[in-house]
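First the structure, in the form of structure tokens, and then the observations on it.
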Number of protein chains: 2
Amino acid sequence: MGTRKQSSTYTRNEKLIINCNMSYAVHVIGGRWKLLLLDKIRKGTSRYSDLKKEFSYISERMLTLQLKSMEQDGLIIRNVFAEVPIRVEYTLTPAATELIPILDLLSTWGSKQRALQGDNS
Amino acid sequence: MGTRKQSSTYTRNEKLIINCNMSYAVHVIGGRWKLLLLDKIRKGTSRYSDLKKEFSYISERMLTLQLKSMEQDGLIIRNVFAEVPIRVEYTLTPAATELIPILDLLSTWGSKQRALQGDNS
DNA sequence: TAACTAACTAACATGTTTGTTCGTACCACA
DNA sequence: TGTGGTACGAACAAACATGTTAGTTAGTTA
């Protein structure tokens with residue numbers, strides 16, 4: 001991933017925070033496009049080009065960065081088919097599958113909360 | 001909060017993403033110290049100085065920024081007591097209280113996932 | 001009038017994330 | 001030999017988040 005300055009307060013604090021399981025979980029799904037991608041992949045195995053097509057507003061750099069990060073964090077599996085042209089498919093890991101219902105709860109909460117906030121601010 | 005450049009791709013994309021309730025929810029709890037603060041406040045009304053003492057490694061600037069942001073997003077309530085010296089107490093809103101059990105699920109998931117990842121990477 | 005406390009606030013510096021543009025590897029097929 | 005498609009990667013720039021330091025307000029007490 002991006003090279004990090006191990007000595008910075010920023011990075012030290014991040015490590016500190018990630019000791020908290022809750023923060024760790026949020027950290028793992030916190031990248032800008034991760035939830036969108038997870039949501040798409042959960043609905044069916046997707047190849048790189050599918051994602052690229054569906055999310056044309058995500059730059060290819062971000063797309064690969066987020067996918068790689070999720071792969072490293074054990075959320076998705078990357079399957080390479082040595083065809084020509086090459087084919088790469090992404091699937092959820094069991095761990096990510098367990099996460100989905102929690103995300104659904106978050107989604108419901110978010111919807112309610114947004115409505116509440118809309119009312120009075 | 002920090003002034004934002006309304007025209008940047010960064011900001012445009014953020015708005016785009018926040019239309020997703022899931023992303024909105026994660027966005028609302030996604031600040032670096034928010035979960036820690038929520039967790040403390042949920043265990044009992046806390047005054048500013050309590051938080052400052054407990055989290056001595058959080059700079060005062062960050063402390064106030066995160067608190068203010070959570071207040072704006074309807075997660076906490078800020079009560080000012082016009083005593084001398086002044087006293088400010090923070091409490092969870094009902095919405096945040098509903099969020100807590102979801103965060104607990106996330107925490108459990110995080111713990112399991114961290115263990116899994118520790119095993120094979 | 002000066003010192004003291006709580007709870008901030010402003011200005012600036014650093015570091016990280018995200019976005020933009022261009023280029024690469026691989027093999028097939030014309 | 002050149003073109004085409006897929007799935008990336010590298011270098012750079014812009015914007016944002018976080019961290020550091022010093023200062024502010026209001027009232028009270030010495």
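In the text below, chain A, chain B and the rest are named by the order of the sequence lines, each starting its count at 1.
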Worksheet entry | A:Gln113 side-chain N/O to B:Tyr24 backbone N/O, donor-acceptor pair under 3.5 Å | no
Item to complete: Give a yes or no answer on whether the side chain of B:Glu60 reaches the backbone of B:Lys52 with a donor-acceptor pair at less than 3.5 Å.
Response: no
Worksheet entry | Sidechain N-carboxylate O distance under 4.0 Å for B:Arg12, B:Glu14 | no
Worksheet, complete the sentence: 5' to 3', nucleotides 6-13 of chain C under a 4.0 Å protein heavy-atom cut-off (B base, S sugar-phosphate only, - none) gives SSBB-B--
Fill in: A:Met62 CE to D:dA14 C1', straight-line distance once rounded to whole Å
12 Å
Worksheet item: Within the distance-only criterion (no hydrogens, no angle test), does the side chain of A:Glu89 pair as donor or acceptor with the backbone N or O of A:Thr45 below 3.5 angstrom?
Response: no
Grab the N/O contacts between the protein and nucleotides 28-30 of chain C below 3.5 Å, and write none if there aren't any.
none

Worksheet entry | Side-chain N,O (A:Gln66) to OP1/OP2 (C:dT18) below 4.0 Å | yes
Practice prompt. Provide, to the nearest angstrom, the distance between the CG atom belonging to B:Leu63 and the P atom belonging to D:dT18.
Written response: 13 Å
Item to complete: Starting at atom CD1 of B:Ile58, determine the distance to atom P of D:dT18, rounded to an integer number of angstrom.
Response: 11 Å
Worksheet item: Under a 4.0 Å heavy-atom cut-off, which of residues 30-46 of chain B touch DNA chain C?
Response: none
Worksheet item: Between the side chains of B:Arg114 and A:Asn21, is a donor N or O closer than 3.5 angstrom to an acceptor N or O?
Response: yes
Item to complete: Could you tell me the separation between the CG atom of B:Leu65 and the C1' atom of D:dC16, rounded to a whole number of Å?
Response: 13 Å
Worksheet item: Hey, is the main chain of B:Ile102 close enough, under 3.5 Å, to the side chain of A:Trp109 for a donor-acceptor pair?
Response: no
Discussion item. For the CD1 atom of A:Ile76 and the OG1 atom of A:Thr93, what is their distance to the nearest 0.5 Å?
Written reply: 8.5 Å
Worksheet item: Between the side chains of B:Thr11 and B:Lys5, does any donor sit under 3.5 Å from an acceptor?
Response: no
Discussion item. Looking at every non-hydrogen atom in both residues, tell me the closest pair between B:Ile86 and B:Val80 and how far apart they are.
Written reply: CD1-CG1, 3.9 Å
Worksheet item: Do the side chain of A:Arg32 and the main chain of B:Tyr10 share a donor and acceptor less than 3.5 angstrom apart?
Response: yes
Discussion item. Please report the distance, rounded to the nearest Å, between CZ in A:Phe55 and P in D:dA7.
Written reply: 15 Å
Worksheet item: Separation of A:Phe81 atom CZ from C:dC27 atom C1', in whole Å?
Response: 18 Å
Worksheet entry | Separation of B:Leu105 CG from A:Met22 CE (nearest 0.5 Å) | 12.0 Å
Worksheet, complete the sentence: A correct dot-bracket answer for DNA chain D, with pairs being Watson-Crick or G-U at under 3.5 Å, [ ] for crossing pairs and | for inter-strand pairs, is ||||||||||||||||||||||||||||||
Discussion item. Are the side chains of B:Met70 and B:Tyr90 in contact, using a 4.5 Å heavy-atom criterion?
Written reply: no
Item to complete: Report yes or no: does B:Glu71 contribute a side-chain atom to a donor-acceptor pair with the main-chain N or O of B:Ile77 at less than 3.5 Å?
Response: no
Worksheet entry | Side-chain donor-acceptor contact under 3.5 Å, A:Gln6 with A:Lys15 | yes
Worksheet item: Are A:Leu99 and A:Ile29 side-chain neighbours, meaning at least one heavy-atom pair lies under 4.5 Å?
Response: yes
Worksheet, complete the sentence: Within residues 6-22 of chain A, the residues having a heavy atom closer than 4.0 Å to DNA chain C are A:Ser8, A:Tyr10, A:Thr11
Worksheet entry | For B:Asp104, salt bridge (Lys or Arg N to Asp or Glu O under 4.0 Å) partners two or more places apart | B:Arg42
